[in-house]
Protein chains: 2
Amino acid sequence: MTEALQSRQPALSVPSNTMLTVDSDRRRRPTLDTVAAAVGVSRATVSNAYNRPDQLSASLRERILETAQSLGYTGPDPVARSLATRSSAAVGFMLPEGLSGAFSDPALSIVLDGLASTVDGHDHSLVLMPGDATGGPRPSIVTRAQADVMVAYSLPDSAPALEAVAARGLPLVVIDQPVLPGSARVEVQDYTGTCLAADHLLRLGHTRFGVLSFALHPDGASGPASPDRRSDVPFRVSRDRLGGYLDTLEKAGVKPDNVPVWEARGSDRELGRLGARWLLTRTPRPSALLCTSDQLAFGALQAARDLGLTVPGDLSVVGFDDVPEAAYSDPPLTTVRQPLADKGRRAGELALKLLAGGRPPKPTRLAVSLVERASTASMK
Amino acid sequence: MTEALQSRQPALSVPSNTMLTVDSDRRRRPTLDTVAAAVGVSRATVSNAYNRPDQLSASLRERILETAQSLGYTGPDPVARSLATRSSAAVGFMLPEGLSGAFSDPALSIVLDGLASTVDGHDHSLVLMPGDATGGPRPSIVTRAQADVMVAYSLPDSAPALEAVAARGLPLVVIDQPVLPGSARVEVQDYTGTCLAADHLLRLGHTRFGVLSFALHPDGASGPASPDRRSDVPFRVSRDRLGGYLDTLEKAGVKPDNVPVWEARGSDRELGRLGARWLLTRTPRPSALLCTSDQLAFGALQAARDLGLTVPGDLSVVGFDDVPEAAYSDPPLTTVRQPLADKGRRAGELALKLLAGGRPPKPTRLAVSLVERASTASMK
DNA sequence: TTGTATGCGTTATCAA
DNA sequence: TTGATAACGCATACAA
């Protein structure tokens with residue numbers, strides 16, 4: 001093996017007991033034809049030896065496989081097979097950002113894991129398509145990807161990648177967003193989740209709140225979110241999570257206008273820290289911070305430390321996602337758990353189903369639950 | 001767009017001013033032939049319109065593209081193109097585990113990010129191949145993957161996937177391990193790194209040490225590592241990191257036999273916590289824990305808390321990797337920084353280079369450095 | 001059980 | 001600048 005690894009050409013130890021009528025001198029990879037000629041059968045039979053073992057005698061098959069082996073033939077070329085079968089046995093995965101920002105988010109990792117294992121279990125491969133500034137992969141990448149079904153992970157409505165998918169006529173599964181009528185989708189109870197969290201805080205007696213949200217609009221702006229910016233939010237997830245928080249508070253008598261909202265352009269810890277710093281320097285200072293993701297919440301914990309506030313003594317913080325780290329942060333984070341791995345698995349199953357010709361079922365909405373840890377406590 | 005998304009078949013709005021001599025009634029995707037016939041030129045010309053714009057008049061090209069558009073033709077089929085060009089423009093990425101375990105490791109995420117952006121920048125796609133219990137992807141997956149170069153990420157020597165790569169005669173880039181003579185490789189100064197860390201601790205006056213390592217042998221065993229198990233370590237990375245620690249201590253007069261070593265079967269926080277608990281209950285209790293990864297170190301911090309020990313007051317801890325979280329842990333972790341993103345980028349560049357026909361250069365070894373944070377202090 | 005013929009959708013070579 | 005024609009490597013009805 002070591003030797004074969006050294007050069008691109010595998011060491012073809014041509015057996016002397018077989019006739020090589022083709023390619024005997026050329027420095028080429030062996031093909032179905034090569035072994036067919038060597039064994040003295042037709043291409044079709046060799047093909048069957050690999051794909052339909054029951055279509056030929058065990059002994060012949062044995063002989064074919066042996067010859068193939070000694071010829072250095074590894075089996076049907078994947079690309080040629082794909083062309084002939086018109087199926088590449090791969091699912092594409094489109095991300096909103098470069099993996100850079102995205103992969104620092106454990107939530108994505110877990111979803112991807114669920115997806116990968118499902119897909120892998122069905123002998124399909126996974127083609128990764130990172131996004132760029134446009135909020136998704138470049139259309140050219142999508143157009144040329146060798147995949148026969150696409151999974152979109154939390155893409156903005158405007159992502160050009162989606163049109164590329166449509167143009168190719170590929171089946172599509174979207175995770176979380178955008179909402180595309182008639183396409184398969186798996187999402188979670190975003191609205192319900194933040195309602196639960198807000199309710200939890202209200203029950204603990206809090207009355208002064210601040211909300212820390214990731215992007216409400218696709219313009220990449222960060223800052224306090226004006227009432228204007230809070231309405232007509234194009235991202236469904238942001239809209240639902242923010243809505244759950246504000247609606248619940250309002251029902252309890254807390255006017256949305258009195259709840260400062262910071263919109264971070266992304267969902268990472270550092271942006272969360274920045275936003276929380278602003279929120280915590282408002283007057284009156286919020287006693288509870290409602291975050292739309294765990295990453296933002298971690299940033300909020302950091303900001304509290306920066307300002308000398310203790311959590312949950314001076315401040316309560318809730319997140320959303322329940323990534324593994326939430327159990328280990330200081331203090332452990334109260335958060336809304338969404339079934340991340342499950343989301344990935346469901347997306348994978350949906351993709352496989354569409355591939356098999358199934359029609360897109362109505363969207364799957366997975367249940368969330370509140371996990372109470374040490375970052376929240378009752379008002380002093 | 002929305003409509004096109006609803007059904008698998010794009011809405012072919014057949015223009016009345018073009019002649020459709022082919023496929024006019026069949027429910028098929030249009031091909032090069034379809035548009036060639038419609039425009040009244042040859043296949044080759046249409047192909048050129050997409051791939052070699054300079055090979056035909058701008059006006060004709062314009063006309064071809066327009067017709068294609070109105071026919072619902074999105075451009076050359078990726079698979080067919082790959083067959084004809086004998087290149088799939090994709091690089092395969094092989095992981096040691098299912099993404100499950102692997103993705104919880106931020107180090108992998110960052111490396112993958114570097115790789116993905118490099119590859120993506122060159123219009124190549126990335127095919128993910130998660131591993132299973134064998135320590136790598138299944139050979140059948142590798143054999144059938146549509147990629148023309150493979151990147152192995154920290155695989156055990158024994159991974160069957162590697163033979164599959166060799167059998168296909170695909171160029172290979174390995175990250176970290178295994179060491180395959182003649183294959184391209186990018187790695188970091190593992191030995192140097194742990195030497196630095198051990199030295200740091202010695203300088204702080206520590207004399208009682210414990211080592212927390214990830215797998216030394218591929219048998220999946222966890223537990224105290226006997227002298228026997230510490231020698232002939234098959235994993236290069238484990239060997240070098242452990243070696244750097246023990247050698248440095250020995251040079252300072254600390255006999256390896258007096259340094260307890262716990263071997264965890266993987267590199268995650270919970271396993272680290274487990275191992276650290278054992279190490280911290282030895283007599284005499286170590287005043288410093290040397291870990292081979294940040295994840296294990298985080299587990300050690302947790303174990304210290306569990307036992308009521310303060311870090312760095314009662315115990316110093318060092319990690320390896322410098323993942324982002326290391327800066328935020330409690331306390332922030334002293335660790336050996338390796339250039340993770342760079343490792344991924346270099347691997348990507350190497351892969352692209354091999355693809356272009358380059359010969360494997362000698363292994364690249366990236367520099368590491370010690371980042372001193374608050375998890376280490378001098379002996380009281 | 002095995003073979004024949006044809007199709008899969010491109011790219012590339014070489015003439016015209 | 002454009003067009004025949006031949007690969008590319010395989011799968012699959014259908015016939016033998």
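Quick note: numbers below take in every heavy atom, side chains included, and nothing from hydrogens, waters or symmetry partners. By convention in this document, chain letters (A, B, ...) are assigned in the order of the sequence lines, proteins followed by strands, and residues within each chain are numbered from 1.
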What pairs with [X] under side-chain contact (heavy atoms from CB on, under 4.5 Å), at least two apart in sequence or on another chain?
| X | value |
| --- | --- |
| B/A145 | B/M129, B/M150, B/R168 |
| B/S59 | B/S57 |
| B/T134 | B/D132, B/P160 |
| A/A161 | A/M94, A/P137, A/V142 |

Q | Angle of first-five versus last-five pair axes in the helix from C/dT1-D/dA16 to C/dA16-D/dT1, to 10 degrees | A |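 The helix from C/dT1-D/dA16 to C/dA16-D/dT1 shows an end-to-end axis angle of 30°.
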Starting from [atom2] on [N], measure out to [atom1] on [X] and report it in whole angstrom.
| X | N | atom1 | atom2 | answer |
| --- | --- | --- | --- | --- |
| B/R43 | D/dA7 | CZ | P | 14 Å |
| A/R29 | D/dC10 | CZ | C1' | 15 Å |
| B/R86 | C/dA12 | CZ | P | 9 Å |
| B/Q146 | C/dG9 | CD | P | 15 Å |
| A/D33 | D/dC10 | CG | P | 8 Å |

(Q) Tell me whether the side-chain N/O atoms of A/Y73 come closer than 4.0 Å to OP1 or OP2 in D/dC10. (A)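 Answer yes for this pair, as a side-chain N or O of A/Y73 is under 4.0 Å from OP1 or OP2.
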**Q.** Selection from C/dT11, D/dA11, D/dG9 that lies nearest to any side-chain heavy atom of A/L32
**A.**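 Taking heavy atoms from C-beta onward, the closest nucleotide is D/dA11.
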Anything under 3.5 Å between a donor and an acceptor, one on a side chain of residues 119-128 of chain A, the other on a protein residue two or more places apart or in another chain? List them.
from   : atom 1 : to     : atom 2 : distance (Å)
A/D120 : OD2    : B/R138 : NH1    : 3.3
A/H122 : ND1    : A/T118 : O      : 3.0
A/D123 : OD1    : B/R138 : NH2    : 2.7

Show me the pairs that pass salt bridge (charged side-chain N to carboxylate O under 4.0 Å, His left out) and involve [range], at least two apart or across chains.
| range | value |
| --- | --- |
| residues 38-56 of chain B | B/D33-B/R43 |
| residues 60-80 of chain B | none |
| residues 171-184 of chain B | B/D176-B/K343 |

Pairs under 3.5 Å (N/O, protein and nucleotides 1-3 of chain D):
from  : atom 1 : to    : atom 2 : distance (Å)
D/dT2 : OP2    : B/S57 : N      : 3.1
D/dG3 : OP2    : B/S42 : N      : 3.2
D/dG3 : OP2    : B/T45 : OG1    : 2.5

Q) Which is true for A/R52 with a 4.0 Å heavy-atom rule: it touches a base, it touches only sugar-phosphate, or it touches nothing? A)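 A/R52: backbone/sugar contact only, no base atoms under 4.0 Å.
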(Q) Below 30° counts as parallel, above 60° as perpendicular, anything between as tilted: where do the rings of A/F93 and A/Y153 land? (A)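 Answer is tilted, since the angle falls between 30° and 60°.
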Q | Selection: residues 74-83 of chain B, any non-hydrogen atom under 4.0 Å of DNA chain C | A |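 Contacts with DNA chain C under 4.0 Å: B/G75, B/P76, B/D77, B/A80, B/R81, B/L83.
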Q) Counting distance only, does the side-chain N/O of B/S183 pair as donor-acceptor with the main-chain N or O of B/L172 below 3.5 Å? A)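 Checking the backbone N and O of B/L172 against the side chain of B/S183, no donor-acceptor pair under 3.5 Å is found.
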Q | Partners meeting side-chain hydrogen bond (donor to acceptor under 3.5 Å, both in side chains) with A/T45 (sequence neighbours left out) | A |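 Testing A/T45 for side-chain hydrogen bond (donor to acceptor under 3.5 Å, both in side chains), a comparison that skips the adjacent residues, returns A/S42.
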